2 protein chains.
Amino acid sequence: MKRNSRLSLALHTLGHMAAEPDRMRTSADIAEHAGTNPVVVRRVLGRLRKAGLLNAEKGHSGGWRLARSPQDITLADVYLALDESLIATVAEEDTPNCAVEHALHRKVSSVMADIERSLIERLAATTIAEMK
Amino acid sequence: MKRNSRLSLALHTLGHMAAEPDRMRTSADIAEHAGTNPVVVRRVLGRLRKAGLLNAEKGHSGGWRLARSPQDITLADVYLALDESLIATVAEEDTPNCAVEHALHRKVSSVMADIERSLIERLAATTIAEMK
DNA sequence: ATACTCGCAACCGTTATTGTTACTTGATGC
DNA sequence: GCATCAAGTAACAATAACGGTTGCGAGTAT
């Protein structure tokens, strides 16, 4: 079983959508292409829908489509929509009784926050239109 | 249950050791201070021993001690010794049949690799002597 | 009305991690 | 030599996260 497959699935799907923005795709179609399950697809794309990146329509000829122009969706948008940090956070101690621990946590958290900002900056430099 | 507590435990312990480098500490002492189990301590510190950061001695008056000067051990040394990436890697597809997927994987992997290098660089700028 | 699709809740199987027990190995003190 | 102490290690349980799966409800087009 793979970890962090949510971002992979999301980007993969949006990459194809960027190539044909007008085509409506069902969860079943996407799932088959990605080798997974329609429910998993809906779970992941549902987050992108709530973030305003995708529209979903029910019923006949329903399915998923981009809510914005492909040039207007960056990899950072997708990353942030999934709310799934690729940067691990260091657990805060419940009882910060120890000065060493507190200093370490501050230091490492500061570094990790910088790294996360840097990652988002890098991801924001690429749109899904470049990935089709 | 906390995740990524290995690095926290390792840095916490080494921070205290940096303050009193000559004092020998047993797994039981460390575990009690850190609120965990001696076996867990040995598991984590064992990696640091294999990486040459710590020495362990058995028997009476045995225990753990720094193998190097605290000024000569950086946070990056500890991070690398644990071989536990805080930066998630994006899963490679078994069958790279899809061009979109391949392009995305290359792009994201490249960004993540840069971020990992940047993290290590940042961690290497601080020694455990500054954390005591 | 029927068929199709998303939305969502509930559950199972797998995996990763920590916690725990028990035992072995090696060093020290008597 | 022998008891004691501590690391080393294997084995297992407990917990949590995640993907996969089933089932059902809600909404829409034909």
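Because the structure is a prediction, the values reported are computed rather than measured. A note on names: the letters A, B, ... follow the listed sequences, proteins ahead of strands, and every chain is numbered from 1.
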For the residue pair [X] and [Y], establish whether any side-chain heavy-atom pair is separated by less than 4.5 Å.
X        : Y       : result
A:Lys107 : B:Leu75 : yes
A:Leu119 : A:Tyr79 : yes
A:Ile128 : A:Leu66 : yes
A:Thr74  : A:Asp77 : yes
A:Ile30  : A:Leu45 : yes
B:His33  : B:His16 : yes

Would you tell me if any nitrogen or oxygen in the side chain of [X] comes within less than 4.0 Å of OP1 or OP2 on [N]?
X       : N      : result
A:Ser27 : C:dC6  : yes
B:Thr26 : D:dA6  : no
B:Ser5  : C:dT18 : yes

Nucleotide [N], atom [atom2] - distance to [atom1] of [X] in whole Å:
X       : N      : atom1 : atom2 : value
B:Glu57 : C:dT28 : CD    : P     : 7 Å
A:Met24 : C:dT5  : CE    : P     : 11 Å
B:Arg65 : D:dA6  : CZ    : C1'   : 14 Å
B:Leu48 : D:dA7  : CG    : P     : 14 Å
B:Arg49 : C:dG26 : CZ    : P     : 13 Å
A:Ile30 : C:dC4  : CD1   : P     : 18 Å
B:Leu54 : D:dA7  : CG    : C1'   : 13 Å
A:Lys50 : C:dC6  : NZ    : P     : 15 Å

*DNA chain D: 5'-proximal contact among A:Ser61 and B:Ser61 (nearest heavy atom)*: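 In this pair, the answer is B:Ser61.
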
Polar atom pairs (N or O), protein with nucleotides 21-27 of chain D, under 3.5 Å:
residue: D:dT21; atom: OP2; partner: A:Asn37; partner atom: ND2; Å: 3.1
residue: D:dG27; atom: N2; partner: A:Gly59; partner atom: N; Å: 2.9

_Once rounded to the nearest 0.5 Å, what's the spacing between atom OG1 of B:Thr36 and atom CZ of B:Arg6?_
12.0 Å

